Amino acid sequence: MKKCLLYILVCCALPALAQKENYLLVGTYTGANSKSEGIYVYKFNTLTGDNSLVSVTKSSNPSFLAIAPDKKTVYAVNENADSTRFIVGGNISSFSFDHAKGTLTEISKQPSGGKHPCHVTEDASGRWVFASNYSSGSIGVLHATKGKLDTLQQVIQHTGSGPNTDRQQGPHVHSSLFTPDKKYLLVADLGTDKLTSYAFNKNKGSLQFYSEAASTPGSGPRHFDFSPNGKFVYLIEEMSGTVVCYKLNNGKLQLQQRTSLLPKDFKGVVGAADIHVSADGRFLYCSDRGDDNNISIFSIDPASGKITNVGYQSTLGKGPRNFNFDPSGNFLLVANQYTDDIIIFKVNKKTGLLTDTGKRIHVPVPVCIKWIK
């Protein structure tokens, strides 16, 4: 009788566990000194944090990924230029995703409109794809039909420079995301110290300058995220190690707060990298891939959007270029570029603090984490 009961309990539990499994996709660098082959796909259990490698798809420097709204297509930058024999030029590649097998199949590849595309995003319809070209400081707009990319539709070239002649000799577009109302594309430019808003024509797929917010000269805007209610934007500045909170109103940005993400006693190289707001909007997380190698954790005031530091968590590795929450919000995964590992932290949803689970994913040069449910 006991054996029968145990059998029934196991049989009932297995489907529930299976429903908690999601696909984790990891973008990497594949340069001459890297052992990476391209894009790695894992199964990840959001109850336990357990994971297993499912597939590897060859691609050249797929350092950032984007998932189409229908979850059937994955876009990847090929962060290259045309200046050495090792690389083939800046491209955006698209892949069909097999949900049953967890595999990717390349279906198209098109020029990104500039050198070293380092970020890619898409609109809500899945028809338009946007490439952030770092070295050339431009935004490339591509059309997609069921995941297949057509030729470039538009290229917007930024101009200008910043006071840091080593890093800001010209524009360096680092990322772009649509505002929650889907009407504007915000673009962070590290080279010109600006966060620019472009009005988006969803029928033509075209962008038109709308407004901009200037950062402190030499700060280096990199990535940003939105509050779940769509009222606030949080920008991380790579070179100054600061976080800027803006109030967002119809595509325009109003400065609310500017604060350091670094510990008060920190002295060393700064390299602020990634930024994410928790799904409940209560906490903000920022990574520093300089000498600090920390995740800074802030609480968010829901009325003003302003943030207050509540703690720091070592990334237990070097070069946390990218991190992300799992779909349940139970875990935060940190991609340490220079130590070839992804560290899995448990999230305390009440305090926002992180605890090391002891679980690791060993993958060469991980620099982007995305999910498919």
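The figures that follow rest on heavy atoms only: side chains count, while hydrogens, waters and symmetry mates do not. Index from 1, following the sequence. Treat the numbers as computed from the prediction; the structure is a model and nothing was measured.
No donor-acceptor pair under 3.5 Å is formed between the side chain of Asp288 and the backbone N or O of Gly241. With hydrogens and angles ignored, the 3.5 Å screen pairs no side-chain donor or acceptor of Thr121 with any backbone N or O of Leu177. Here the side chain of Asn91 pairs no donor or acceptor atom with the backbone of Ser93 at under 3.5 angstrom. Ser34 contributes a side-chain N or O that, together with a main-chain N or O of Tyr29, makes up a donor-acceptor pair within less than 3.5 Å. Under a 3.5 Å cut-off, the side chain of Asp189 and the backbone N or O of Pro171 do not form any donor-acceptor pair. Ser215 places no side-chain N or O within 3.5 Å of a backbone atom of Lys194 that could act as its donor or acceptor partner. Remark: side-chain polar atoms of Asn336 are paired, donor with acceptor, to backbone N or O of Thr315 under 3.5 angstrom. In terms of modelled atom types and a separation under 3.5 Å, the side chain of Asp291 and the main chain of Val270 share no donor-acceptor contact. For the pair Arg289 (side chain) and Arg321 (backbone), a donor-acceptor distance under 3.5 Å is absent. A donor-acceptor pair is defined here as one N or O able to donate and one able to accept, closer than 3.5 Å; no such pair exists between the side chain of Asn51 and the backbone of Tyr42.
A distance of 6.0 Å or more separates the ring centres of His119 and His174. Residues Phe200 and Phe130 place their aromatic rings such that the two centres sit under 6.0 Å apart.
If you chain together hydrophobic residues whose side chains sit under 4.5 Å apart, Val277 and Phe298 fall into the same group. When hydrophobic clusters are built by joining Ile, Leu, Val, Met, Phe, Trp and Tyr residues whose side-chain heavy atoms come closer than 4.5 Å, directly or via intermediates, Tyr23 is grouped together with Phe95. Taken together through direct or relayed side-chain contacts under 4.5 Å among Ile, Leu, Val, Met, Phe, Trp and Tyr, Leu185 and Val155 form parts of separate hydrophobic clusters. Note: the hydrophobic cluster containing Leu253 also contains Leu235 (ILVMFWY, side chain heavy atoms under 4.5 Å, direct or indirect links). Hydrophobic clustering (ILVMFWY, side-chain heavy atoms < 4.5 Å, transitive): Phe209 and Phe178 are in one cluster.
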Go through it in stages, so that I can follow the logic: the residues are Ser63 and Asn61, the test is side chain to side chain donor-acceptor pair (under 3.5 Å), and I'd like the CA-CA distance, side-chain angles, deciding distance and then a yes or no.
CA-CA 5 Å; Ser63 63; Asn61 285 324; over 6 Å; no

Could you go through Asp340 and Lys35, starting from their C-alpha distance and side-chain angles, then the distance that decides it, and tell me whether this counts as side-chain contact (heavy atoms from CB on, under 4.5 Å)?
CA-CA 10 Å; Asp340 296 336; Lys35 295 181 180 179; over 6 Å; no

Start with the C-alpha distance between Lys58 and Glu106, add both sets of side-chain angles, then the distance that settles salt bridge (Lys or Arg N to Asp or Glu O under 4.0 Å), and finish with yes or no.
CA-CA 9 Å; Lys58 290 186 177 181; Glu106 185 176 307; over 6 Å; no

Between Tyr40 and Leu53, is the side-chain contact (heavy atoms from CB on, under 4.5 Å) condition met? List the steps.
CA-CA 8 Å; Tyr40 292 73; Leu53 179 64; 4.2 Å; yes

Check the pair Val187 / His158 against side-chain contact (heavy atoms from CB on, under 4.5 Å), numbers first and verdict last.
CA-CA 10 Å; Val187 179; His158 282 193; 3.9 Å; yes

For the pair Leu190 and Met239, evaluate side-chain contact (heavy atoms from CB on, under 4.5 Å) and give the outcome as yes or no after the intermediate values.
CA-CA 9 Å; Leu190 182 146; Met239 297 162 59; 3.9 Å; yes

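The existence of a salt bridge linking Asp50 and Lys359 is confirmed by a sub-4.0 Å separation between a basic side-chain nitrogen and an acidic carboxylate oxygen.
With no hydrogens or angles considered, a side-chain donor-acceptor pair links Asp193 and Gln168 at under 3.5 Å. Side-chain polar atoms of Thr308 and Asp301 form no donor-acceptor pair below 3.5 angstrom. Counted by atom type alone, Ser175 and Ser132 present zero donor-acceptor pairs between their side chains at under 3.5 Å. Judged purely by distance below 3.5 Å, without hydrogens or angles, the side chains of Thr242 and Glu237 pair a donor atom with an acceptor atom. In this model, no donor atom of one side chain and acceptor atom of the other lie less than 3.5 Å apart for Asn80 and Asn78. In this structure, a donor-acceptor pair under 3.5 Å is present between the side chains of Asn322 and Asp274.
Of all the heavy atoms in Asn201 and Lys204, the pair that sits closest is OD1-N, 3.0 Å. For Thr30 against Pro62, the heavy-atom pair with the smallest separation is CG2-CD, 3.9 Å. Nearest approach of Tyr134 to Cys118, heavy atoms of both residues: CB-SG, 3.8 Å. Contact detail for Pro180 and Gly230: the closest heavy-atom pair is CG-CA, 3.7 Å. Contact record, Ala279 with Pro228: O-CG, 3.4 Å, taken as the closest heavy-atom pair.
Side-chain contact check for Val77 versus Ile92: some heavy-atom pair is nearer than 4.5 Å. Contact check for Pro263 versus Asp292: side-chain heavy atoms found under the 4.5 Å cut-off. Side-chain atoms of Leu333 and Ile344, non-hydrogen and from C-beta on, do get closer than 4.5 Å to each other. When side chains are defined from C-beta on, Leu207 counts as touching Gln154, because their heavy atoms get closer than 4.5 Å. A heavy-atom distance below 4.5 Å is not found between the side chains of Asp326 and Asn22. Taking 4.5 Å as the limit, some side-chain heavy atom of His99 sits within range of a side-chain heavy atom of Lys71. A 4.5 Å side-chain heavy-atom check between Lys43 and Leu24 finds every atom pair outside the cut-off. Side-chain contact between Ile372 and Val74: present, with at least one pair of heavy atoms (C-beta onward) separated by less than 4.5 Å.
Atom CG of Asp70 has more than 12 heavy atoms from other residues, nucleotides or ligands within 6.0 Å.
In this structure, Lys252 satisfies the cation-pi test against Tyr210, with its NZ or CZ atom closer than 6.0 Å to the six-membered ring centre and inside 45 degrees of the ring normal. In this structure, Lys247 forms no cation-pi arrangement with Phe232, as its terminal cationic atom is not both closer than 6.0 Å to the ring centre and no more than 45° off the ring axis.
To the nearest 0.5 Å, atoms CZ (Phe97) and CG (Leu104) are separated by 6.0 Å. The SG atom of Cys368 lies 9.0 Å from the CG atom of Leu25; values are rounded to the nearest 0.5 Å. Separating the OG1 atom in Thr151 from the CD atom in Gln110 is a distance of 6.0 Å, to the nearest 0.5 Å. Considering CD of Glu122 and CH2 of Trp128, their distance stands at 14.0 Å, rounded to 0.5 Å. With rounding to the nearest 0.5 angstrom, the CG atom of Leu142 is 7.5 Å from the CD atom of Gln153. The distance from atom CG of Asn293 to atom OG1 of Thr339, rounded to the nearest 0.5 Å, is 8.0 Å.
Residue His276 forms a ring pair (Phe, Tyr, Trp, His ring centres under 6.0 Å) with just one option from Tyr285, Phe323, Phe224, and that option is Phe323.
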